[in-house]
Amino acid sequence: MEKGIIIQGMGGFYEVLTEGQDTITCRLRGRLRLEGERVLVGDRVKVSRTNAQEGVVEEILPRTTFLPRPPIANVEQVLVVMAAANPDPDLILLDRILVHAELAGLEAVVVINKCDADPAGAQALQELYRKTGYPVILASAKSGTGLGEIQEKLAGRVSTLAGPSGVGKSSLINALEPGYALKTGDISDKLGRGRHTTRSVSLLPLSSGGLIADTPGFSRLDMAEGEPEELQHLFPEFAAYVDDCQFRSCRHRDEPRCGVKEAAAVGKIAPSRYSHYLIFLNEIEANQRY
Ligand SMILES: Nc1nc2c(ncn2[C@@H]2O[C@H](COP(=O)(O)OP(=O)(O)OP(=O)(O)O)[C@@H](O)[C@H]2O)c(=O)[nH]1
Ligand SMILES: [Mg+2]
Ligand SMILES: [Zn+2]
């Protein structure tokens, strides 16, 4: 049997990139369908060929990572894309995606695309996220800014893009690999939002040897399940200040003498990050009550 990776799935058919770099169309072995096995793009599989272009997925290998949104298996890294403008950056969504990436054990990179449209705004965002410790890349699919830096992050690794519709995820891939000519869509004048041009997740081989997933944009993301006391660990920049909290069990909300709260008050932690932490904490606590 050959090994491969699912690069696209559609209506019960899966495109599998084999180790020999062939792409073949596969169905799932009936047994896997019966077991209700959910196959994701990124899943490593064993396939048997029925002919040169077709085969059957016989086995799904254990996943190393899993990201629920965008739904993808085995990626090492998430590039969270926001536009500097058109559409306006959605920082709470950006932080939600970063929290999900931390929870899944993935590396994350913040990409501010469309810097050409608002260079000053893009720089302010870079400044804000620099404090988090996440790498921040200022990019423009239009002018080519930052493409080299993105290329470096992607080389030889399996990565996914994530972010709202219309921020330029597909455009960035097209700028890196013009051969793909992925469909892109304009921004609706009335709502200032993207038009959900990309409809499904697909993993694309890069000339640098890596794989990058283009994904549909989304704007809603439920807070992950988890323990309220774990949330602080999903904000990596908080770690430097928790020793200044009076209580070891501090949730950094109402407690007296809280190092995190103090760091946010003086701007050592970005106030928006801290306020999103409080919002997520309330959401997790509310979920626990049911
Ligand atoms: N000015 C400017 N426009 C850009 C840039 N990148 C993309 N765009 C435009 O933004 C619009 C949306 O781009 P897409 O690549 O379709 O966005 P997407 O993130 O893939 O959107 P979905 O597939 O709907 O999730 C298109 O009109 C692009 O031409 C950029 O760097 N600068
Ligand atoms: Mg797209
Ligand atoms: Zn605290």
Side-chain angles (χ1 to χ4, degrees), residues 8 69-70 78-90 93-94 97 111-119 121-122 125 137-147 149-150 160-178 180-189 191-204 212-221 228-229 231-233 235 237-266 268-269 273-274 277-278 281:
Q8 196 161 19
R69 196 134 195 217
V78 185
L79 271 64
V80 191
V81 187
M82 285 291 157
N86 310 319
D88 286 339
D90 180 344
L93 179 66
L94 172 50
I97 300 171
V111 176
I112 313 294
N113 189 37
K114 306 199 192 187
C115 310
D116 59 282
D118 183 357
L125 276 181
I137 300 178
L138 295 188
S140 167
K142 194 173 169 185
S143 75
T145 305
L147 293 180
E149 264 177 275
I150 295 177
T160 186
L161 297 173
S165 178
V167 296
K169 299 180 296 299
S170 304
S171 301
L172 284 169
I173 296 181
N174 283 341
L176 292 166
E177 300 276 337
Y180 283 122
L182 300 170
K183 209 168 138 199
T184 61
D186 57 1
I187 304 298
S188 124
D189 287 336
L191 298 169
R193 291 199 214 120
R195 296 183 193 270
H196 295 282
T197 308
T198 305
R199 291 288 178 174
S200 63
V201 180
S202 58
L203 261 181
L204 306 163
I212 177 80
D214 192 16
T215 60
F218 59 89
S219 51
R220 286 187 48 101
L221 181 61
E229 50 278 10
L231 181 65
Q232 58 182 311
H233 304 303
F235 285 74
E237 74 271 38
F238 288 13
Y241 306 102
V242 294
D243 287 344
D244 299 334
C245 296
Q246 183 174 357
F247 300 108
R248 279 188 61 115
S249 62
C250 189
R251 286 190 188 176
H252 322 301
R253 184 170 41 200
D254 310 314
E255 293 87 349
R257 287 221 18 238
C258 167
V260 171
K261 205 193 304 182
E262 283 159 21
V266 298
K268 287 184 185 160
I269 289 175
R273 291 273 293 168
Y274 177 62
Y277 164 80
L278 293 179
L281 184 64

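Counting starts at 1 for both ligands and their atoms, following the listed order. None of these values were measured; they are calculated from a predicted model.
Annotation: side chain of Leu172 is not in contact with side chain of Leu79 (no heavy-atom distance under 4.5 Å). Looking only at side-chain heavy atoms (C-beta outward), Pro87 and Ile187 come within less than 4.5 Å of each other. Counting only heavy atoms from C-beta outward, the side chains of Phe218 and Ile97 approach each other to under 4.5 Å.
The shortest N or O to N or O distance between Asp214 and ligand 1 is not below 3.5 Å. Between Asn113 and ligand 1, a contact under 3.5 Å exists for at least one N or O pair. For Gly168, a nitrogen or oxygen atom sits less than 3.5 Å from a nitrogen or oxygen atom of ligand 1, counting backbone and side chain alike.
For the pairing with Ser140, the side chain to side chain donor-acceptor pair (under 3.5 Å) check across Asn113, Asp116, Thr145 returns one residue only, Asp116.
Atoms of ligand 1 lying under 4.0 Å from any heavy atom of Gly217, numbered from 1 in the order shown and given with element: 25 (O).
Take the N/O/S atoms of His252: the one nearest the Zn ion (ligand 3) is ND1.
Residue Ser171 holds the heavy atom nearest to atom 7 (C) of ligand 1 of all those in Gly146, Ser143, Ser171, Ser170.
Rounded to 10 degrees, the OG1-metal-OG angle spanning Thr198 and Ser170 at the Mg ion (ligand 2) equals 90°.
Ring-plane geometry between His252 and Tyr277 is classed as tilted, the angle between the planes lying from 30 to 60 degrees on a 0 to 90 degree scale.
Nearest heavy atom pair, residue Ala139 against residue Val111, reads CB-CG1, 4.0 Å.
For atom 31 (O) of ligand 1, the closest non-hydrogen atom of the protein is Ala141 N, 2.8 Å. Nearest non-hydrogen protein atom to atom 11 (C) of ligand 1 is Gly185 O, 3.0 Å. What sits closest to atom 22 (P) of ligand 1 on the protein, heavy atoms only, is Ser165 OG, 3.6 Å.
Counting heavy atoms closer than 4.0 Å to ligand 1, residue Lys169 contributes atoms from both its backbone and its side chain.
Salt-bridge check for Asp214 with Lys169: failed, with every basic side-chain N at 4.0 Å or more from each acidic carboxylate O.
Residue contact annotation: Gly194 has no non-hydrogen atom under 4.0 Å from ligand 1.
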